[in-house]
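Read the structure below first, then the notes.
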Amino acid sequence: MEALLDLMRAAGDRITTSRRLLAGALLDRQGPITAEELCSLVQAQAPDISISTIYRNLEELARLEIVEHSHLGHGSAVYQLTSSAQAHLVCDGCGKTLVAPKELFEDLARQAAARYGFTVDPRHFAIQGYCQDCQTSGAPS
Ligand SMILES: [Zn+2]
Ligand SMILES: [Zn+2]
C-alpha cells in the first residue's frame, strides 16, 4: 500500500481520501474490477464519494500508468494495477475468466514484431473462446 502511495506521490499526485481508498480497494482485489465495484467498496468506507470521482481518479491513475483498464467481454471495462496486471482468457459459454501467463504471448509478440514491427498488447482485450468444460458440453469449437 505504501509503495503504491509513494508511486502516486512521486508522480506528483495529491493523495486524497478517495485516492487512498481507491488504491486500497485495487490492492485488496488483486485482479480485474469494474469502476462500479470499486465505487461500492470505496463508498462502504466513505459514502460521500461519487462514481464520477471514482472515474476521475481512475483516469488520473491511468495517466500516471499506475492503473490500466481492459475489456474482458461485452460488459464494463475492468481496472487493474499496472504493476500486477495480467492478460486473460474469457469463456463465451460460461463467462469463466482465466489468467493468461505472459509466456503464452511470447511467440505471437516476437512474430508480430519481426514481421510487422508491431508491438502486441495482450492485456487490453481478453482472448475469447470456450473453456474446457463448455467444449465437453457441446459448445461450438
Ligand atoms: Zn480500452
Ligand atoms: Zn466455459
Side-chain angles (χ1 to χ4, degrees), residues 1 3-141:
M1 179 72 185
L4 186 58
L5 294 176
D6 282 346
L7 205 61
M8 287 158 71
R9 276 188 207 104
D13 213 16
R14 224 158 36 87
I15 311 295
T16 57
T17 307
S18 62
R19 285 199 187 152
R20 182 185 295 274
L21 292 173
L22 189 62
L26 281 161
L27 274 176
D28 285 350
R29 170 55 69 107
Q30 310 240 1
I33 180 169
T34 64
E36 290 80 7
E37 287 175 288
L38 278 169
C39 187
S40 46
L41 289 174
V42 168
Q43 282 176 343
Q45 297 180 71
D48 292 348
I49 293 171
S50 67
I51 184 81
S52 59
T53 302
I54 297 294
Y55 275 116
R56 214 168 35 241
N57 283 333
L58 283 170
E59 245 168 61
E60 179 65 10
L61 292 177
R63 200 179 55 76
L64 302 173
E65 297 182 356
I66 292 171
V67 161
E68 61 183 51
H69 79 270
S70 54
H71 311 273
L72 297 187
H74 304 289
S76 310
V78 291
Y79 296 84
Q80 42 187 350
L81 292 171
T82 302
S83 55
S84 58
Q86 287 173 302
H88 294 87
L89 308 176
V90 176
C91 177
D92 271 334
C94 66
K96 184 174 4 196
T97 301
L98 303 171
V99 168
K102 267 212 302 283
E103 307 86 77
L104 212 54
F105 304 100
E106 274 171 6
D107 269 354
L108 173 68
R110 211 174 6 247
Q111 298 225 29
R115 292 197 201 176
Y116 313 108
F118 188 86
T119 302
V120 172
D121 173 10
R123 297 204 301 248
H124 193 185
F125 286 94
I127 307 242
Q128 312 277 328
Y130 288 94
C131 74
Q132 202 159 28
D133 293 345
C134 287
Q135 286 175 64
T136 46
S137 66
S141 54

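Counting starts at 1 for both ligands and their atoms, following the listed order. Counting begins at 1 with the first residue of the sequence. Please read these numbers as outputs of a predicted model, since none were measured by experiment.
Applying side-chain hydrogen bond (donor to acceptor under 3.5 Å, both in side chains) to R123 and the options H69, E68, Q86, H88 leaves one that passes, E68. Screening I54, L22, L58, T53 against C39 for a side-chain contact (heavy atoms from CB on, under 4.5 Å) leaves a single residue, I54.
The side-chain heavy atoms of Q30 and S84, taken from C-beta on, include no pair separated by under 4.5 Å.
In terms of heavy-atom proximity, Q43 sits nearest to S50 at NE2-CA, 4.2 Å.
For the Zn ion (ligand 1), the nearest N, O or S atom contributed by H124 is named NE2.
For the pair NE2 of H71 and NE2 of H69, the angle at the Zn ion (ligand 1) is about 110°; rounding is to 10 degrees. Put simply, the angle at the Zn ion (ligand 2) from SG in C134 to SG in C94 is close to 110°, to the nearest 10°.
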